[in-house]
Amino acid sequence: MPTESEPRLRAGRKSIRECAGTQSLQSAAYLFQTPTMTQPNTIVTRFAPSPSGYLHVGGARTALFGWAYAKGRGGRFILRIEDTDQKRSSESASIGFLKDLCWLGIGWDEGPEFESFGGGDRGSYFQSERLDIYNTHLTRLIDAGQAYWAFDTPAELDAQRQAAKARGNPYRYEGTTARNIAKETVQQWLTEGRAAVIRFHTPTGPIVIEDEILGSATIPAGEVDDFVIRKADGFPTYHFAVVVDDELMGVTHVLRAQEHFNNTAKHMVLQDALGFRRPIYGHLPLIFNPDGSKMSKRDKDKLLRKASADRKMEQAPAGTVDAATFAAWRGDKTMQLPLADAERLAASLGVSLPEINVDDFRRSGYLPQVLCNFLALNGWSPGNNLEKFDNEFLQRTFDLSRVVKTPAKFDRMKLLAFNCDALQAMTAAEFTVLARAHGLSEHPEFMTRLSESQFVQLASASHERSKTLEDMFKANRFLILPDAELPYDMKSVLKVLVSGGGEAHLRAARDLLAKLSNWDAHSIEQLLKGYAEANTAGELGKVAQPLRVAVSGGTVSPPIFDTLAILGSSSVLARIDRALTMAAAQPRGTEAATQSPRAE
RNA sequence: GGCCCCAUCGUCUAGCCCGGUCUAGGACACCUCCCUUUCACGGAGGUAACACGGGUUCAAAUCCCGUUGGGGUCACCA
């Protein structure tokens, strides 16, 4: 179970200026870390996300495959944080997704320390703390003439891109100008503190990418231009950091999303220039929404925008989002509402937010092993018509040769079905344990209102109709409401009590229940079945439905005997009386019954 | 648009590499019926796909070419 203990960045980070400046680049020692290779043929994979509070399901699958591949072969799995983007520094302190990884059962041998995972002697596992290392290798490249300083401003580059576009040509950075600047001039400009990046001098010639999943592809000569490997702020770009770290950390297999496929060419030329080994690559197919759009954390906001636009909503309902935030959000389509705000707004709009992050699925009552199982099925399958398996099986069986090349659409219905199956396969005791844990973390009000024995009864009555751990809490709110505050669905009252003639049976049942001495599910069952035998030709529904409506406010609840038993006699009688009064107040006749609006 | 990749039921996929056993298998969803105190579960059936066009071959979902369609990528983001 995840706790409130947010993973935090390790203390003692060097300040950026301290190690990212031009000076430190020039004076950096030539340290070429040689990793202590444990065994020569150990398989090492890594998951290398940028910092974030939440783990996206796509990232979760990448991590799962990397983990399974290495662990199933006696290898190591590394977690590395790619925090080289200072513009996202507000997020960089947030590596909350570590708890999501733990929850899924994906542990890492090396990386940030969290729970029992992490550590390792090839750190830091935060790229922002490895600037000295990158600078060392950057210097090598510059000294060898394989990289050079470039002083173009973003505006100049932008203009060049625009011009190329206007001409209808694909834009490629033309490096000759920058490369022809005299060494002394470069030195002088650097001393003056001019903003500069380092670009890699990409060799000409086609580049052949070998991929274990996609096969091989040839990128024609000239496609890869002189890309930036060190930004003006002194941080390396992704391409450079990834290549250096994978080498130094001994990564043998790189499993990552297919969107990185074209980047591989850049990484390969860099590896050649640096004299590095080349890992084996496997690019995983992407995961999409059912409608074919890319699954994104912005999907929640997208849905809320549509819902509020449909309702022509000009301001947020009271108590959901404050006016300023709402206005800003309406004005900026790329802005994301804070999660709590988004959830309050969704609740008041009556829409439910799509689950995108691993934590969303956890909160919706999905089991971690089911999520892993299902995620693995998106892009991979073990064959033999086998679909249900655990992570241990995945470890043993996962292989790159069975990864498909086509993108998958994430099918929530199938996930739900899998979760239901897993829940049904449990014993009552197992289910109760999980239900209690879920209730404690997501629905504390249930746990305080219900006694232990009431909760156990509810769990056992809900088990067989639960598709998620969330269902029993979502469907049975009526149990914990004060009797006088129970909302009634008037359509049900009208249909079952008024026009359906349930009122009489309800009244009769009330009298019998009031006299019942042993208030437990079994006794209630005896009583009601006896009543049905004698009065409704054995049709239990004739009395069960009126009771259900009276006691729950609607037509859906756990088995009526359990429901009444959990509620207790005084609540049951009070609610029946309320329902009876309500029914008596309704105008008779079919017209009234069919067109009355719902109350409350 | 340039470059790269991909293409089996609505969806996830098996089969393809090593052509015949594929009148294409499974799962989810959907439809019908059964069970039933509501909801759900469960049981029994059913609808449903090799994108298209050319080759190669005695024989192609499987090999080749093209077309169409989809995706990825073209940042001082990763």
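Chain naming here is simple, since letters A, B, ... match the order of the sequence lines and numbering starts at 1 in each.
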[atom1]-based separation of [M] from [N] [nearest Å]:
N	M	atom1	value
G53(B)	G69(B)	P	16 Å
U57(B)	U13(B)	C1'	30 Å
A49(B)	G71(B)	P	24 Å
G42(B)	G19(B)	C1'	43 Å
A78(B)	C17(B)	C1'	34 Å
G43(B)	C22(B)	C1'	29 Å
C5(B)	A44(B)	C1'	44 Å
G20(B)	U62(B)	C1'	11 Å

[X] [atom1] to [N] [atom2]: how many Å, rounded?
X	N	atom1	atom2	result
L377(A)	G26(B)	CG	P	16 Å
Q424(A)	C39(B)	CD	C1'	13 Å
R167(A)	G2(B)	CZ	P	17 Å
Q162(A)	G1(B)	CD	P	18 Å
N419(A)	C28(B)	CG	P	14 Å
I213(A)	G71(B)	CD1	C1'	16 Å
F389(A)	A27(B)	CZ	C1'	12 Å
R402(A)	G26(B)	CZ	P	17 Å

- prompt: Is the distance between the ring centroids of Y238(A) and H267(A) under 6.0 Å?
  reply: yes
- request: For side chain to side chain contact (heavy atoms under 4.5 Å, CB included), just list the numbers for E223(A) and I207(A), CA-CA rounded to whole Å, side-chain angles, deciding distance to a tenth of an Å, and then say yes or no.
  value: CA-CA 9 Å; E223(A) 276 300 313; I207(A) 305 167; over 6 Å; no
Pair R80(A)-D246(A), salt bridge (Lys or Arg N to Asp or Glu O under 4.0 Å): steps then yes or no: CA-CA 10 Å; R80(A) 183 176 68 222; D246(A) 282 346; 2.9 Å; yes
- prompt: Taking protein heavy atoms under 4.0 Å as touching, what does nucleotides 29-38 of chain B look like 5' to 3' if B marks base contact, S marks sugar-phosphate-only contact and - marks none?
  reply: S-------BB
message: I'd like to compare against my own output: the B/S/- annotation of nucleotides 72-78 of chain B with a strict under-4.0 Å heavy-atom distance to protein.
response: BSSSBBB
- request: Cation-pi check, K165(A) to Y171(A): give yes when NZ or CZ is under 6.0 Å from the six-membered ring centre and within 45° of the ring axis, no otherwise.
  value: no
message: Please find the pair of heavy atoms, one from L479(A) and one from R575(A), that lie closest to each other, and give the distance.
response: O-NH2, 4.2 Å
Using a cut-off of 4.0 Å on non-hydrogen atoms, how would the nucleic acid contact of [X] be classed: base, sugar-phosphate, or nothing?
X	value
G379(A)	sugar-phosphate
S466(A)	nothing
V404(A)	sugar-phosphate
R412(A)	nothing

task: Start with the C-alpha distance between W108(A) and F47(A), add both sets of side-chain angles, then the distance that settles ring pair (Phe, Tyr, Trp, His ring centres under 6.0 Å), and finish with yes or no.
output: CA-CA 9 Å; W108(A) 53 101; F47(A) 177 52; 9.5 Å; no
- prompt: Would Y281(A) and H260(A) count as a ring pair (Phe, Tyr, Trp, His ring centres under 6.0 Å) if you check the C-alpha gap in whole Å, the side-chain angles of each, and the deciding distance to 0.1 Å?
  reply: CA-CA 10 Å; Y281(A) 288 99; H260(A) 286 299; over 10 Å; no
According to the Watson-Crick and G-U wobble definitions, with both distances under 3.5 Å, which nucleotide is paired to [N]?
N	result
C16(B)	none
U68(B)	A7(B)
G2(B)	U73(B)
A48(B)	none
G42(B)	C34(B)
U62(B)	none
U21(B)	none

task: Give a yes or no on whether a salt bridge exists between K529(A) and E525(A), defined as a side-chain N under 4.0 angstrom from a carboxylate O.
output: yes
message: Under a 4.0 Å threshold between the charged nitrogen and the carboxylate oxygen, would R46(A) count as salt-bridged to D245(A)?
response: no
- prompt: Syn versus anti for C41(B), judged by chi lying within 90° of 0?
  reply: syn
Give each protein N/O atom lying under 3.5 Å from an N/O atom of nucleotides 61-65 of chain B, with the pair distance.
none

message: Is the ring pair F227(A)/F200(A) parallel, tilted or perpendicular, if the boundaries are 30 and 60 degrees?
response: tilted
message: Can a donor-acceptor pair be found, under 3.5 Å and without considering hydrogens, that links the side chain of N419(A) to the backbone of G365(A)?
response: yes
N/O donor-acceptor pair under 3.5 Å between T139(A) side chain and N135(A) backbone: yes
- prompt: Given the rule in the side chain to side chain contact (heavy atoms under 4.5 Å, CB included) test, do Y134(A) and I229(A) qualify, once you have shown the distances and angles that lead to the verdict?
  reply: CA-CA 10 Å; Y134(A) 305 129; I229(A) 53 180; over 6 Å; no
- request: Please state whether the phosphate of A14(B), meaning OP1 or OP2, lies under 4.0 angstrom from any side-chain nitrogen or oxygen of S381(A).
  value: yes
message: Pick the closest RNA chain B nucleotide for F418(A) and for E464(A) by heavy atoms, then say which residue is nearer the 5' end.
response: F418(A)
message: Between L547(A) and V551(A), is there a side-chain heavy-atom distance shorter than 4.5 Å?
response: no
